[in-house]
Amino acid sequence: MKVIRPLPRRFFDRPADQVARDLLGSRLVVRGADGRVSRHMVCETEAYLGAHDLACHAARGMTPRNAVMFGPAGIWYVYLCYGMHWMLNVVTGPPGVPAAVLIRGVGGHQGPGRLTRALGIDARHGGLPAARETGLWFEAGQDVPPRLVARTPRIGVGYAGAWAEKPLRFVVDPETLVSVEDVGRRSRRRPRRTEA
DNA sequence: ACGATGATGAAC
DNA sequence: TTCATCATCGTA
């Protein structure tokens with residue numbers, strides 16, 4: 001039987017929008033405290049491109065919080081938002097380029113704060129590599145054909161001027177993705193939150 | 001439409 | 001040391 005290896009670091013050492021697109025259909029894999037492993041299909045991501053991207057945390061320079069974004073690819077960037085939600089990101093691109101991809105939705109869990117809560121992800125993961133040893137990594141899943149990928153503006157970044165409108169959010173309807181032979185029929189598109 | 005809830009970063 | 005600001009979510 002085929003051995004599934006974690007997505008390697010080089011997978012993430014590319015522009016964030018490419019990584020965000022290609023993570024759709026992959027599996028986010030978590031090993032819980034009890035040793036059990038669970039796999040979750042990635043169905044929604046957002047790309048934060050670097051210091052020039054005004055929606056990116058690194059747009060105003062390096063701080064203790066965002067420092068990990070300036071490092072090598074394949075490292076978890078986890079931060080607390082609105083006082084209660086842990087946001088899971090993976091750093092992309094070469095050192096010096098502070099870019100990352102936000103994991104915004106995985107199968108069965110809509111919303112970045114809900115999925116971290118459900119999977120037990122928090123600050124402990126920040127700064128660690130996405131690898132088996134850390135208990136949180138990615139594995140290749142199924143390829144998602146382009147026609148099933150929707151691109152929209154990112155959520156909650158209305159302050160970012162022109163960057164707020166760029167289509168850097170990538171969504172695939174998990175219902176659609178489940179049945180590969182059903183690609184001819186576009187399933188109902190879920191109504192999404194809109195910008196303010 | 002809005003309040004919960006707390007770290008973060010910048011100003012003072 | 002204060003203060004505004006959040007890459008959200010549940011309830012209304």
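In what follows, chains are A, B, ... by sequence order, proteins preceding strands, each numbered from 1. Values in this document were obtained by computation on a predicted structure and should not be read as measured data.
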Which of these nucleotides, C:dT8, B:dG6, B:dG9, is closest to any side-chain atom of A:R65?
B:dG9
Euclidean distance, atom CZ of residue A:R104 to atom C1' of C:dC9 [Å, nearest integer]:
12 Å
Interface polar pairs with nucleotides 10-12 of chain B, N/O, under 3.5 angstrom:
none

So, are A:D53 and A:K166 salt-bridged, with charged N and O less than 4.0 Å apart?
no
Of the nucleotides B:dT5, C:dT8, C:dA7, which has the atom closest to the A:Y82 side chain?
C:dT8
Pairing nucleotide - C:dA7, Watson-Crick or G-U, each distance under 3.5 Å
none
Of the listed nucleotides (C:dC9, C:dC6, B:dA7), which one gets closest to any side-chain atom of A:Y159?
C:dC6
Just call it for A:M84: base, sugar-phosphate, or nothing, with non-hydrogen atoms closer than 4.0 Å on any strand.
base
Is the cationic atom of A:R9 (NZ for Lys, CZ for Arg) positioned less than 6.0 Å from the six-membered ring centroid of A:F12 and within 45 degrees of its normal?
no
Taking only side-chain nitrogens and oxygens of A:R114, does any of them come within less than 4.0 Å of OP1 or OP2 of C:dG10?
yes
Neighbour count above 12 (heavy atom, 6.0 Å) for A:R117 CZ
no
OP1, OP2 of C:dA7 versus side-chain N and O of A:H85: anything below 4.0 Å?
no
